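Heavy-atom basis, side chains included; hydrogens, waters and symmetry copies ignored. All figures in this text were calculated on a predicted structure; none of them were measured in a lab. Below, chains carry the letters A, B, ... as their sequence lines are ordered, and counting in each starts from 1.
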2 protein chains.
Amino acid sequence: MQSPIDDIDRKIMKLLQHQARMPISQISQMVAMSQPAVKERIMKLEEKGFITGYRTEFNLQRLERGTTSFILMKTEQCQALVDFCEQAPEVTDLHRISGEFNYLIKVKTASVEELADFQDSIAGMGPSKSLISLKNLLENRVVL
Amino acid sequence: MQSPIDDIDRKIMKLLQHQARMPISQISQMVAMSQPAVKERIMKLEEKGFITGYRTEFNLQRLERGTTSFILMKTEQCQALVDFCEQAPEVTDLHRISGEFNYLIKVKTASVEELADFQDSIAGMGPSKSLISLKNLLENRVVL
DNA sequence: CCTGAAAATATATCGCC
DNA sequence: GGCGATATATTTTCAGG
């Protein structure tokens with residue numbers, strides 16, 4: 001089940017990475033292989049779990065999520081924090097981490113004021129430290 | 001240019017969000033609107049910048065990127081750090097941040113050993129602190 | 001695993017409301 | 001903005017190597 005992916009698979013993955021809606025016919029030309037063959041390779045990449053999904057990306061500035069921040073949190077109410085973050089739309093990432101703080105939360109709010117509101121809402125769970133992103137130089141990049 | 005998106009646009013965006021390859025014909029049925037109308041709405045969402053792209057997601061475990069870590073960095077060699085991170089495939093995110101540390105780097109490596117290697121490679125630029133993700137509870141989530 | 005060709009779907013382009 | 005109808009393109013299926 002640890003299937004070896006070859007160069008053509010890799011090429012297909014690179015083509016799809018930033019253009020998930022690219023038609024198979026077009027990929028077929030680029031990798032010089034018939035459409036059914038490309039289709040089958042894509043299906044196998046999905047079945048084997050290399051490809052986990054196709055996402056549409058939105059401009060978060062336009063969706064009132066232009067301010068990115070990271071909150072380091074130290075809490076003993078783990079389940080409560082997880083539950084809270086899961087239902088909070090501002091939270092995009094939640095990691096259990098090593099070190100003094102035990103959770104790292106990534107938050108996208110409309111403004112720093114909203115970040116303050118969010119911080120207030122979790123203040124009861126323990127001490128936190130927030131890091132505001134002044135500039136997103138790279139975000140969610142995957143180099144294949 | 002600050003075009004108002006309506007409920008149907010929002011519905012289309014939600015449908016596409018996690019299934020970017022969904023055919024327009026199918027979306028058309030779900031929102032009870034003709035295919036040309038749906039197509040036009042999607043094009044406008046793209047033109048107006050609400051939709052910024054279509055991405056394929058990969059299983060990072062299978063691509064030797066199963067270990068997620070965050071590195072807080074304090075450096076004065078800003079441009080050097082940015083240049084280095086841009087060409088380092090392990091780096092998925094790079095943020096200029098407020099606070100004592102001035103950069104936050106998100107890194108995906110095959111193992112913690114590789115994280116150590118990465119840390120060594122930037123050690124010359126200034127003091128750093130690394131936070132290893134023990135569990136990815138949420139990652140790159142966008143709630144529309 | 002791949003190909004080629006035919007059948008089934010999906011998309012693009014109309015003219016018109 | 002949106003609809004329906006049609007022409008074009010794409011995808012799926014399948015027999016055969």
* **Any donor-acceptor N/O pair, A:N102 side chain to A:R96 backbone, under 3.5 Å** => no
* **Nearest-angstrom distance from the residue atom CD1 of B:I5 to C1' of D:dG1** => 17 Å
* To do: Hey, could you give me each pair passing salt bridge (Lys or Arg N to Asp or Glu O under 4.0 Å) that has a residue in residues 110-129 of chain B? Not counting sequence neighbours.
  => none
* To do: Kindly give the cluster partners of A:F118, where membership spreads through any ILVMFWY side chain lying under 4.5 Å from a current member.
  => A:I71, A:M73, A:L81, A:V82, A:F84, A:V91, A:L94, A:Y103, A:I105, A:V107, A:V112, A:L115, A:I122, A:M125, A:I132, B:L137, B:L138
* Asked: Rounded to the Å, how far apart are A:M33 CE and D:dT11 P?
  -> 16 Å
* Structure fact -> Numerically ordered, the residues 8-15 of chain B set in heavy-atom contact under 4.0 Å with DNA chain C is none
* List, by chain and then residue number, the residues other than B:L15 in its hydrophobic cluster (Ile/Leu/Val/Met/Phe/Trp/Tyr, side-chain heavy atoms under 4.5 Å); write none if there are no others. => A:F58, A:L60, A:L63, B:I5, B:I8, B:I12, B:M13, B:L16, B:M22, B:I24, B:I27, B:M30, B:V31, B:M33, B:V38, B:I42, B:L45, B:F50, B:I51, B:Y54, B:V142, B:L144
* Non-neighbouring partners of B:K106 that pass salt bridge (charged side-chain N to carboxylate O under 4.0 Å, His left out), sequence neighbours left out -> A:D93, B:E139
* Could you pull out all residues at least two apart from A:R10 that satisfy salt bridge (charged side-chain N to carboxylate O under 4.0 Å, His left out)? => A:D7
* Asked: Which residues satisfy the salt bridge (charged side-chain N to carboxylate O under 4.0 Å, His left out) test with A:R55, sequence neighbours excluded?
  -> B:E57
* To do: Would you check if the side chain of B:R141 reaches a backbone N or O of A:E86 as a donor-acceptor pair within less than 3.5 Å?
  => yes
* Asked: Rounding to a whole Å, what distance do you find between B:R41:CZ and D:dG1:P?
  -> 8 Å
* To do: Could you list all the salt bridge (Lys or Arg N to Asp or Glu O under 4.0 Å) pairs where at least one residue sits in residues 22-42 of chain B, not counting sequence neighbours?
  => B:D6-B:R41, B:D9-B:R41, B:E40-B:K44
* Asked: When every nucleotide of nucleotides 11-17 of chain C is labelled 5' to 3' by its protein contacts under 4.0 Å (heavy atoms), B for base, S for sugar-phosphate only, - for none, what sequence of letters results?
  -> BSB----
* Asked: Quick one: B:Q19 CD to C:dA10 P, roughly how many Å, whole number?
  -> 14 Å
* Please give, in whole Å, the distance from D:dG2 P to B:I42 CD1? -> 12 Å
* Structure fact -> Applied to residues 121-144 of chain B, the ring-ring contact (aromatic ring centres under 6.0 Å, His included) test, sequence neighbours excluded, yields none
* **Bend angle of the helix from C:dC1-D:dG17 to C:dC17-D:dG1, from helix axes over five pairs at each end, nearest 10°** => 30°
* Whole-Å distance between D:dC3 P and B:Q29 CD? -> 14 Å
* Asked: Who else is in the cluster with A:V143 when I, L, V, M, F, W and Y are joined by side-chain contacts under 4.5 Å?
  -> none
